[in-house]
Asker: 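Sharing a structure, written as structure tokens. Questions coming.
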Amino acid sequence: MRTLLVPLVLLAWVTAASAAVPLPTSPTWVASETELNGTGLDIGDIDGDGWLDLAVSNGNDITASPNLVYHGRGDGDLPPTASWVSDDARYSGHCQLGDVDGDGHLELMVTNYIAEGWGPAQVQLYDNDGGVLATSPTWESPATFHSFRAAFGDPDGDGDLDLAVATGEAYLGQDEPNLIFFNEGGTLAATPGWTSQGADSSYDVTFADVDGDGDQDLAFCGGGSGGRIKIHFNEGGVIDPVPGWTTAADDNGNTFDLDDLDGDGRLDLLVGFNSQLGGSGRFAVFLTGGGALPTMPTWTSDFAGYGSAVVCADLDGTGGPDLVTGGWWEPVRVYLNDGTGGFPAAPQWQTDTAWESVVENIALADLDGAATVERTLVFEDVTGLLELDDRHLQAVVAVTADGVPLAAGAYCHSVRDGWISLAGPADVVEVTYLASPALDVAISNWDDGTYVFARDPATAVDEVELASTELVTGLRAFPSPFNPRTTIGWRLSRPVDRAVLRMVDLRGREVGRRDLGALAAGMHRWTWRPDDLPSGVYLYRLDAGGMVATGKVVLAR
């Protein structure tokens with residue numbers, strides 16, 4: 001399979017301070033629900049209005065609590081109190097959004113760590129009907145295990161989301177086998193279709209193509225005094241119940257992430273270890289360095305203690321994923337990538353000590369959409385799994401296989417990890433998605449409300465500037481912000497037989513279009529007056545002469 005980048009006029013990702021993290025050290029938004037023991041956190045457009053929402057699962061092992069959603073209201077604005085509250089109250093662990101039934105709307109999956117008396121619990125799913133979440137679970141697994149985290153993926157390669165569940169409870173030594181519930185026609189099966197050989201207490205799980213063979217392997221993060229990271233390899237759509245790789249030393253793992261940190265084309269491993277039940281309590285990186293994943297860390301932090309949430313993301317704009325880390329009663333710390341997968345032992349940025357909290361999860365997105373760009377990739381000789389060039393996406397806009405646009409049910413995807421999985425092979429697949437170089441950081445914590453550390457919108461816009469191509473130059477909209485109309489102008493260096501200008505919202509829905517026909521060389525302009533659209537950020541896309549040029553404009557009613 002070969003990946004081609006369609007010629008684009010994209011926003012060049014440039015930052016003025018490449019050695020600094022352009023985030024405030026105090027939160028810009030704090031949820032008012034402060035006593036629900038927040039644990040899980042995910043970001044996505046749940047209600048389908050083009051703005052990103054925050055889903056938070058609550059309870060942990062402390063208090064039975066409901067789950068919450070905060071609906072984005074435009075320009076990254078979130079309400080101080082939850083827009084959606086579940087009817088049930090559980091001891092919930094983490095959550096994840098995913099389109100399980102293939103209707104184009106995100107369901108909310110929540111794990112439950114314990115039941116009353118520390119007994120076994122279950123995983124549950126809240127259905128999304130046309131942008132409205134059910135307030136009671138519409139699917140529940142058997143209540144026969146403890147689970148702190150679960151993850152969507154497509155290990156069998158049939159184009160729908162399956163659910164892997166990390167099980168076990170380390171504090172009372174209740175080791176359990178890990179599970180997969182397969183998707184059967186848009187519904188998760190009532191019983192697991194895969195069970196790991198051997199039992200442990202796993203606290204994190206993810207799907208990723210670790211061995212680079214084109215299908216998703218399954219990794220678990222083991223906790224407790226005998227915890228290890230374990231990877232079960234996928235061979236032809238079948239996950240081996242016996243792990244094919246483990247870390248060499250026992251350590252109490254809390255959270256992990258996989259990304260290409262050193263730029264060698266292979267996935268590296270970041271782990272947050274926690275010393276509460278023994279172990280190092282450090283943040284650790286396992287770099288492949290062009291070879292196999294090592295079983296011992298190649299880098300560890302100076303920090304040692306109650307390490308928790310970790311995630312890899314490029315926060316300083318240099319292109320290499322940085323390490324974003326959290327701890328219990330600790331600040332969020334960021335270790336910057338030197339471009340080769342090297343990191344300092346001490347963080348180069350952290351949140352203010354006044355906002356130290358029990359960090360349980362970290363999620364990233366451009367909540368106000370100020371720096372969102374559209375990217376299109378073309379894949380050839382596709383067998384199923386497509387790895388995109390970005391993670392922490394805003395949205396997947398469209399997928400076309402051999403010239404035919406695919407409905408949402410014909411593929412599944414992950415915006416967090418940047419992958420698409422098709423139900424079958426295709427000669428040529430085109431994927432269009434929205435990404436951003438200006439990520440905001442959201443954290444869940446069980447000793448306060450959810451926090452967001454958002455970049456200033458003006459700063460986010462200043463971080464990007466429009467590049468040019470030999471064909472299209474000077475593409476811009478004026479004025480912006482605008483009300484009621486704006487003029488989009490550009491210059492062509494040569495004539496083109498046909499040009500089309502499309503306007504889309506941040507969810508990728510077309511909201512305006514002008515077929516321009518044949519255009520001569522020189523300056524061209526088109527005035528857009530959206531009479532019935534709400535305030536927000538919109539993208540304009542010029543297709544001309546085989547080139548695609550994009551930009552953004554802000555409508556302010």
Asker: Got Asp389 and Leu377 here, is their nearest side-chain heavy-atom distance under 4.5 Å?
Answerer: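 They are in contact (side-chain heavy atoms under 4.5 Å apart), so the answer is yes.
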Asker: I'd like to check Trp29 versus Tyr70 (side-chain heavy atoms, cut-off strictly below 4.5 Å). Are they in contact?
Answerer: yes
Asker: Are Leu388 and Leu393 packed together at the side-chain level, in the sense that at least one heavy-atom pair is separated by less than 4.5 angstrom?
Answerer: yes
Asker: Any side-chain heavy-atom pair from Asp99 and Cys412 closer than 4.5 angstrom?
Answerer: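 The answer is no; the side chains never approach within 4.5 Å.
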Asker: Drop me the distance from Asn60's CG to Leu36's CG, to the nearest 0.5 angstrom.
Answerer: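 It comes to 12.0 Å.
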Asker: Do NZ/NE/NH1/NH2 and the carboxylate oxygens of Arg391 and Asp257 come within less than 4.0 Å?
Answerer: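 Between Asp257 and Arg391 there is a salt bridge, with a charged N closer than 4.0 Å to a carboxylate O.
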Asker: Does Ser65 reach the main-chain N or O of Asn58 with its side chain, forming a donor-acceptor pair under 3.5 Å?
Answerer: no
Asker: Under 3.5 Å, is there a donor-acceptor pair between the Asp88 and Tyr126 side chains?
Answerer: yes
Asker: Determine yes or no for a side-chain-to-main-chain donor-acceptor pair under 3.5 angstrom, with His71 supplying the side chain and Leu52 the backbone.
Answerer: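 Such a contact is absent between His71 side chain and Leu52 backbone.
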Asker: Taking the side chain as C-beta and beyond, is there a heavy-atom pair between Asp127 and Leu133 under 4.5 Å?
Answerer: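 No, too far: nothing below the 4.5 Å cut-off.
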Asker: Determine yes or no for a side-chain-to-main-chain donor-acceptor pair under 3.5 angstrom, with Gln350 supplying the side chain and Val334 the backbone.
Answerer: no
Asker: Would you give the length of the straight line joining atom CH2 of Trp419 to atom CD of Gln216, rounded to the nearest 0.5 angstrom?
Answerer: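 Spacing of CH2 (Trp419) from CD (Gln216) equals 4.5 Å.
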Asker: Can you see whether Ser436 engages Asp366 through a side-chain donor-acceptor pair at a distance of less than 3.5 angstrom?
Answerer: yes
Asker: I need the minimum non-hydrogen distance between Asp447 and Val358, along with the two atoms involved.
Answerer: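 Smallest interatomic distance, heavy atoms only, reads OD1-N, 3.0 Å.
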Asker: Heavy atoms, side chains only, cut-off 4.5 Å: are Tyr91 and Glu116 in contact?
Answerer: yes
Asker: Without swapping roles, check the side chain of Tyr203 against the backbone of Ala170 for a donor-acceptor pair under 3.5 Å.
Answerer: yes
Asker: To the nearest 0.5 angstrom, please state how far the NZ atom of Lys230 sits from the OG atom of Ser202.
Answerer: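 Answer rounded to 0.5 Å: 6.5 Å.
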Asker: Under 3.5 Å, is there a donor-acceptor pair between the side chain of Ser444 and the main chain of Asn361?
Answerer: yes
Asker: Okay, side chain of Asp49, backbone of Trp51: is any donor-acceptor separation there less than 3.5 Å?
Answerer: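 Yes, because the side chain of Asp49 sits within donor-acceptor range (under 3.5 Å) of the backbone of Trp51.
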Asker: Taking NZ, NE, NH1 and NH2 as the nitrogens, is one of them in Asp440 or Arg455 under 4.0 Å from a carboxylate oxygen of the other?
Answerer: no
Asker: Flag the pair Trp299 / Phe283 as yes when at least one side-chain heavy-atom distance between them is below 4.5 Å, and no otherwise.
Answerer: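 Of all side-chain heavy-atom pairs linking Phe283 with Trp299, at least one is under 4.5 Å.
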Asker: Can you tell if the side chain of Ser414 reaches within under 4.5 Å of the side chain of Phe152, non-hydrogen atoms only?
Answerer: no
Asker: Whether the side chain of Asp154 engages the backbone of Gly159 through a donor-acceptor N/O pair (distance < 3.5 Å, no angle test) should be reported.
Answerer: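 Here the side-chain-to-backbone pair exists.
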Asker: Could you verify whether a donor N or O on one side chain and an acceptor N or O on the other, from Asp87 and Thr135, lie under 3.5 Å apart?
Answerer: yes
Asker: Any salt bridge linking Arg90 with Glu140? Criterion: basic side-chain nitrogen under 4.0 Å from a carboxylate oxygen.
Answerer: yes
Asker: Report all side-chain donor-acceptor pairs from residues 322-332 shorter than 3.5 Å, counting only partners two or more places apart or in another chain.
Answerer:
{"residue": "Asp322", "atom": "OD1", "partner": "Asn337", "partner atom": "N", "Å": "2.8"}
{"residue": "Asp322", "atom": "OD2", "partner": "Leu315", "partner atom": "N", "Å": "2.8"}
{"residue": "Asp322", "atom": "OD2", "partner": "Asp316", "partner atom": "N", "Å": "3.4"}
{"residue": "Thr325", "atom": "OG1", "partner": "Arg333", "partner atom": "O", "Å": "3.0"}
{"residue": "Glu330", "atom": "OE1", "partner": "Arg333", "partner atom": "NH1", "Å": "3.2"}
{"residue": "Glu330", "atom": "OE1", "partner": "Arg333", "partner atom": "NH2", "Å": "3.0"}

